[in-house]
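What follows is a single structure, written as structure tokens, with notes after it.
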Amino acid sequence: MSSIGSKGALAGLAAFAAAIVLAPFLLPDYYQSVLIVAGFFAILSMGLNLLLGYAGQISLGHAAFYGLSAYASGILTATYHWPVPAGVAAGVLLSGVTAALIGIPTLKLKGHYLAMGTLGFGVIVYIVLNEAVGLTAGPSGFTGIPRLSAFGRTFTSDREYYFIVWGIAFLLFVLAQNLVHSRMGRALRAIHTSESAASVLGIDVPRYKAFVFVLSAVYAGIAGALYAHFVTFVSPGSFSFNASVQIVTMVVLGGMASLWGALAGAVFLTVLPEWLRAIENYDILIYGAILILTMRFLPGGLAEGACRLLSRVRRLFRGKKADAAVLPDAGREDA
Amino acid sequence: MPFSSLLQFFVSGVTVGATYGLTALGFTMIYNTTGIINFAQGEFVMLGGMLAVFSMTWGGLPLPAAVPLAVLLVTAIGVAVDRLTIRPMRGRPPVTLVIVTIGISILLRGGAMLVFGKDTHSLPPFSEGAAIPIAGASLLPQTLWVVGITIAVVAAMKMFFDRTITGKAMLACACDRRAASLMGINVDVMVTLSFAFSALVGALGGVILAPITLTAYDVGVLLGIKGFAACILGGLGNPFGAVAGGLIIGVLESMGAGILSSGYKDAIAFVILLALLFLRPSGLFGKASADRV
């Protein structure tokens with residue numbers, strides 16, 4: 001893997017930035033709103049990937065952090081007339097603090113226990129969003145959330161939202177990439193491989209796990225607040241267990257332990273239903289099938305698949321050169 | 001709060017709790033032979049109830065035939081789940097297997113939605129008869145069925161593990177898979193058997209509860225996590241603890257719904273679960289275990 005600051009990584013970032021800038025000009029207008037939604041999921045799955053892919057800790061309640069922030073920012077700005085940036089900050093903070101409160105005890109748990117603990121937490125938040133009708137307006141949803149604004153300017157067009165969401169996604173990507181290539185990232189991977197071995201090596205396992213859990217919740221919180229102020233309406237259904245599974249599916253399909261994979265998984269699974277309108281009722285079924293099939297046949301997800309394909313193509317080219325120079329018959333093994 | 005109301009909450013808590021207990025029993029069986037938590041366990045319970053309903057309405061079967069048929073079908077599904085998905089992925093890390101069983105649960109739930117639709121259904125009670133009054137509370141005849149069948153299942157399991165060679169072989173796999181296989185036990189068969197059993201008890205739980213609460217394609221998620229909460233409460237891996245945990249959660253939930261608020265009823269099990277995970281992950285009746293490296 002190329003380290004941050006290397007030529008490969010910088011070229012990757014440049015390509016990512018170029019793709020963000022060019023996409024709205026190359027794609028039909030309709031895709032802009034689809035891509036905005038993909039941006040929320042990209043932020044969510046990058047955050048979850050730090051936790052699930054790098055540190056190997058599964059969270060089945062990530063939609064709860066997404067929802068807490070969305071509701072908090074929405075309620076504070078709409079009901080209590082806070083300025084939007086303050087609402088967003090409060091929402092993100094709430095997600096982070098809740099994650100710390102939940103995470104510090106929960107992350108003592110491993111594997112299945114952690115999965116169930118986070119799942120239980122997610123369900124509790126979902127129930128509260130439904131039941132605390134006075135605050136959240138209950139199952140019918142909370143309306144009237146103002147659009148994003150900053151410096152006395154309110155952002156209304158989809159194009160502005162697109163650049164805000166993907167600009168933030170880009171920054172968060174750079175941050176995450178720096179993190180995974182740092183000492184911290186190596187520690188997280190060590191925890192993934194074996195917690196006992198990592199702690200023997202002097203890694204403060206609970207502290208690292210709690211930190212990455214809070215960080216991934218902050219990512220979810222950022223996505224949630226942006227979502228609330230883009231859609232201007234939130235309802236509990238968007239933050240249910242199914243939503244948590246959807247985020248996990250994006251990470252798994254993209255490839256655990258690959259930030260590019262998380263991006264690819266998020267964009268692919270957001271755009272896919274747009275292409276396949278007919279699958280509307282079957283989409284959840286498709287998530288299930290994707291989870292099983294990816295784990296079975298491509299445990300590294302799309303990222304691993306792409307790497308394999310790339311190295312195969314490279315070998316093919318190298319083989320061709322060798323053909324021309326020395327052996328006319330070589331390259332057959334690559335076919 | 002008058003005593004009769006408390007008694008009523010207790011009775012309905014025990015009824016639902018028995019199903020949580022049977023779900024928990026299913027978790028325990030698979031956990032004991034494979035170390036996997038099967039996130040599709042709740043779907044086995046859902047399928048039990050739904051298949052019984054549809055054997056009656058579509059198949060025109062009488063109840064006494066529909067119930068065993070549903071349980072058998074779900075058992076077959078349990079075997080298929082093991083053969084098609086779990087066995088080929090033997091030895092993968094727990095996170096992978098968690099994700100795979102989530103995938104299975106989604107597929108089963110989605111499949112049920114497509115085949116049976118999104119409506120809620122109920123099953124007729126197993127026997128005719130009016131509610132039996134006791135001390136101001138009323139006891140549905142179905143409650144007796146639920147409690148009776150749960151006791152019968154637990155007793156049958158006890159007999160199976162204590163008296164039969166297959167049962168002992170399964171326990172051996174639970175203790176140490178490699179040693180069991182060295183002793184000539186076919187671990188693959190035992191794992192498949194544990195999936196069959198857990199599907200069977202899960203489906204039984206779904207069938208006996210369906211006449212009391214309604215059933216639908218999506219009831220499995222909640223039943224599954226409550227069953228898991230019961231498991232943790234009783235100490236993961238301990239079958240009797242699992243059933244006891246189910247009853248405790250059922251009763252607490254019913255009391256909570258009656259005394260506090262019915263809207264938050266479903267949150268009660270999770271609050272218990274989280275509190276327990278934080279304070280005593282080994283459960284009420286379990287012992288702490290060390291990790292092998």
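A, B, ... follow the sequence lines: proteins, then strands. Residue 1 opens every chain.
Distance check, rounded to the nearest 0.5 Å: OH of B:Y264 to CD of A:E131 gives 6.0 Å. Taking CD1 of B:I268 as the reference point, atom CD1 of A:I127 lies at 9.0 Å (rounded to 0.5 Å). Atom CG of A:L285 is separated from atom CZ of B:R109 by 10.5 Å, given to the nearest 0.5 angstrom.
Two residues are said to be in side-chain contact when any heavy atoms from C-beta on lie closer than 4.5 Å; A:V123 and B:L222 meet this criterion. Using a 4.5 Å heavy-atom cutoff, the side chains of B:I225 and A:F241 are not in contact. No side-chain heavy atom of B:F270 sits under 4.5 Å from any side-chain heavy atom of A:L119. Within the 4.5 Å cutoff, the side chain of A:R296 has no heavy atoms near those of the B:T85 side chain. Between A:I58 and B:I99, some side-chain heavy-atom pair lies under the 4.5 Å cut-off.
Taking chain A as the reference chain and counting heavy-atom pairs below 4.5 Å, the highest number among B:D266, B:I37, B:V100 is found for B:I37. For the options A:T249, A:I102, A:L60, heavy-atom pairs under 4.5 Å to chain B are most numerous at A:L60.
Interface residue A:F121: backbone and side-chain heavy atoms are both found under 4.5 Å from chain B. With a 4.5 Å cut-off on non-hydrogen atoms, A:N130 does not touch chain B at all. Residue contact with chain B, scored on non-hydrogen atoms closer than 4.5 Å, involves the side chain of A:L52 exclusively.
Without hydrogens or angle criteria, B:R92 side chain to A:M295 main chain gives a donor-acceptor distance under 3.5 Å.
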Discussion item. Using the rule given for side-chain contact (heavy atoms from CB on, under 4.5 Å), can you reason through A:I124 versus B:V271, listing the C-alpha separation, both sets of side-chain angles and the distance that settles it, and then say yes or no?
Written reply: CA-CA 8 Å; A:I124 292 174; B:V271 173; 3.9 Å; yes

Worksheet entry | From CA spacing to verdict: side-chain contact (heavy atoms from CB on, under 4.5 Å), A:V248, B:I102 | CA-CA 10 Å; A:V248 171; B:I102 290 173; 5.7 Å; no

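The nearest pair of heavy atoms linking B:F39 to A:A115 is CZ-CB, 3.8 Å.
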